[in-house]
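Only heavy atoms go into these numbers, but all of them, side chains included; no hydrogens, no water, no symmetry mates.
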Amino acid sequence: MSTGYVLAVIGGSGLYEIDGLTHIEAIAVDTPFGPPSDVVVRGRWGTTTLLFLPRHGRGHRFAPHEIPFRANICACKMLGATHLVSISAVGSMKDSIVPGDFVVVDQFIDLTKQRACTFFEGGLVGHVSLADPVCDQLSLALASAAERVGARVHRSGTYVCIEGPQFSTRAESLLYRSWGVSVIGMTAMPEARLAREAELPFALLALATDYDCWHETEGNVSVAAVLEMMKKNVAAARSTVAELAHALPDPAGSRATGSLAGGLMTAPGVAASTSLPRLKWLVGKYSAP
């Protein structure tokens with residue numbers, strides 16, 4: 001484990017309130033996909049640079065389907081991120097995952113319908129493998145960091161991502177449970193997809209807040225219940241980020257690194273002149289297609 005990395009964290013607006021964070025500044029970023037959800041808060045934690053981006057914007061202005069996912073991932077990459085951690089509230093789909101538990105997700109089922117899910121469009125085609133959508137090394141480091149701060153951690157799990165902003169119907173919740181998923185949420189996709197295209201080692205820390213609406217003896221999910229549990233979880237999430245910042249794995253060993261190598265499909269000289277400048281931050285290190 002070495003230091004000097006740049007850890008980007010996408011999650012709630014209070015995550016950057018880490019005791020000892022220094023050189024704090026707010027950075028407005030403009031990307032080829034428009035502005036991200038909010039300004040990025042950058043700070044130093046030891047020898048690691050931390051970037052914090054509130055996914056829904058300060059004051060929670062963006063519904064899940066309105067989040068500028070491409071701009072968010074692009075902004076992190078443009079600011080030099082070497083690792084990306086997503087932190088989000090989820091519903092538990094298993095009795096064994098109790099509200100308050102943390103789940104380090106390793107697989108996803110994407111049921112979203114209307115979100116831009118790739119950087120590649122407009123005359124430039126690229127394909128990446130998403131069979132294993134998270135970085136094993138970063139996920140292991142994240143789980144260990146959460147355990148060190150006293151959280152109850154599940155080291156793997158499948159996240160089913162629904163469109164929202166409504167919660168599930170009971171029939172839907174029971175169906176997803178029959179698939180064996182671990183948690184349900186509205187924001188993991190296309191974050192995980194875009195992180196892989198951006199060649200960013202990615203891990204997701206899911207904070208269980210409720211039992212969705214499948215549980216026979218628990219109340220149905222409500223905003224009030226989610227917010228109350230999030231208040232209890234946020235301190236542990238901040239401490240987890242601080243612990244992780246001291247134990248980041250070398251990104252050279254991640255399956256995300258170099259994931260675009262060989263994946264650019266458009267023939268040389270064929271790519272639209274408008275798409276290449278828009279994606280220079282992403283494909284500039286490779287030979288021009």
Side-chain angles (χ1 to χ4, degrees), residues 3-64 66-90 102 135 138 141-142 145-146 149 151 185-188 190-192 194-195 198-207 226-227 230-249 251 281-282:
T3 56
Y5 297 131
V6 181
L7 171 61
V9 180
I10 297 179
S13 58
L15 287 172
Y16 68 89
E17 297 169 356
I18 295 174
D19 291 340
L21 190 68
T22 63
H23 301 85
I24 299 173
E25 57 182 332
I27 305 172
V29 185
D30 189 22
T31 82
F33 304 94
S37 297
D38 213 314
V39 298
V40 178
V41 175
R42 182 166 62 190
R44 295 283 295 177
W45 178 252
T47 59
T48 300
T49 298
L50 291 170
L51 306 173
F52 296 95
L53 178 57
R55 179 185 292 109
H56 297 277
R58 286 169 177 76
H60 211 102
R61 306 187 310 274
F62 294 104
E66 297 176 317
I67 294 168
F69 290 102
R70 293 193 295 183
N72 287 352
I73 302 299
C74 181
C76 293
K77 184 76 172 184
M78 291 173 66
L79 290 175
T82 57
H83 304 75
L84 174 61
V85 168
S86 173
I87 299 179
S88 62
V90 297
F102 288 2
C135 173
L138 183 58
L142 179 62
V149 303
M186 304 177 188
T187 60
E191 275 183 356
L194 295 168
E199 300 187 319
L200 282 172
F202 176 81
L204 190 146
L205 185 65
L207 315 181
V226 169
L227 292 177
M230 280 299 293
K231 289 179 182 178
K232 296 178 180 178
N233 282 344
V234 69
R238 282 198 299 261
S239 298
T240 297
V241 170
E243 279 288 320
L244 176 63
H246 288 310
L248 290 169
W281 62 274
L282 180 58

Main chain of V6, side chain of T82: is a donor-acceptor contact present, judged purely on distance under 3.5 Å? yes

Within this structure, what is the CG-CG distance for the pair L51 and L7, rounded to the nearest 0.5 Å? 7.5 Å

Closest approach of R55 and N72, non-hydrogen atoms and distance? O-ND2, 4.2 Å

Heavy-atom closest contact (P249 atom, Y5 atom, distance): O-CE1, 3.8 Å

Side chain to side chain donor-acceptor pair (under 3.5 Å) against S239, all qualifying residues, sequence neighbours excluded: none

Closest non-hydrogen atom pair, V39 against P54: O-CD, 3.9 Å

Go through the steps for L84 and E191 under the test side chain to side chain contact (heavy atoms under 4.5 Å, CB included), then give the verdict. CA-CA 10 Å; L84 174 61; E191 275 183 356; over 6 Å; no

Are the side chain of H23 and the backbone N or O of T49 linked by a donor-acceptor pair below 3.5 Å? no

Ring pair (Phe, Tyr, Trp, His ring centres under 6.0 Å): pairs with one or both residues in residues 31-51, sequence neighbours excluded: F33-F119, W45-H246

Partner residues of R61 under the salt bridge (Lys or Arg N to Asp or Glu O under 4.0 Å) criterion, sequence neighbours left out: D38

A198 and L282: which non-hydrogen atoms are nearest, and at how many Å? CA-CD1, 3.6 Å

Return the minimal non-hydrogen interatomic distance between I67 and S37, and the atom names on each side. CG2-OG, 4.0 Å

Apply side chain to side chain donor-acceptor pair (under 3.5 Å) to S88 and list each qualifying residue two or more places apart in sequence or on a separate chain. none

With rounding to the nearest 0.5 Å, note down the distance linking SG in C76 to CD1 in I10. 4.0 Å

Residues V241, I87; criterion side chain to side chain contact (heavy atoms under 4.5 Å, CB included); working and verdict: CA-CA 10 Å; V241 170; I87 299 179; 3.8 Å; yes

I'd like to check the side chain to side chain donor-acceptor pair (under 3.5 Å) partners of R238; sequence neighbours left out, ordered by chain and number. none

Rounded to the nearest 0.5 Å, what separates atom CG in L244 from atom NE2 in H83? 8.0 Å

Applying side-chain contact (heavy atoms from CB on, under 4.5 Å) to A146 and not counting sequence neighbours gives F102, A151, V153, T240

Quick test of your reading: applying side-chain hydrogen bond (donor to acceptor under 3.5 Å, both in side chains), list the pairs with at least one residue in residues 25-35, sequence neighbours left out, ordered by first then second residue. E25-R42

To the nearest 0.5 angstrom, please state how far the CG atom of L21 sits from the CG atom of L50. 6.0 Å

What pairs of residues pass the salt bridge (charged side-chain N to carboxylate O under 4.0 Å, His left out) test when at least one of them lies in residues 68-78, not counting sequence neighbours? R70-E121

Nearest heavy atoms of L138 and P201, plus distance in Å: CD2-O, 3.4 Å

Can you tell me how far apart CZ (F52) and CD1 (I24) are? Round to the nearest 0.5 Å. 8.5 Å

Quick one: side chain to side chain donor-acceptor pair (under 3.5 Å) partners of E199, sequence neighbours excluded? K285, Y286

Sorted by chain and number, sequence neighbours left out, side-chain contact (heavy atoms from CB on, under 4.5 Å) with P32 holds for C74, M78, R278, W281

Atom pair CG (L207) and CG (N233), whose distance is rounded to the nearest 0.5 Å: 5.0 Å

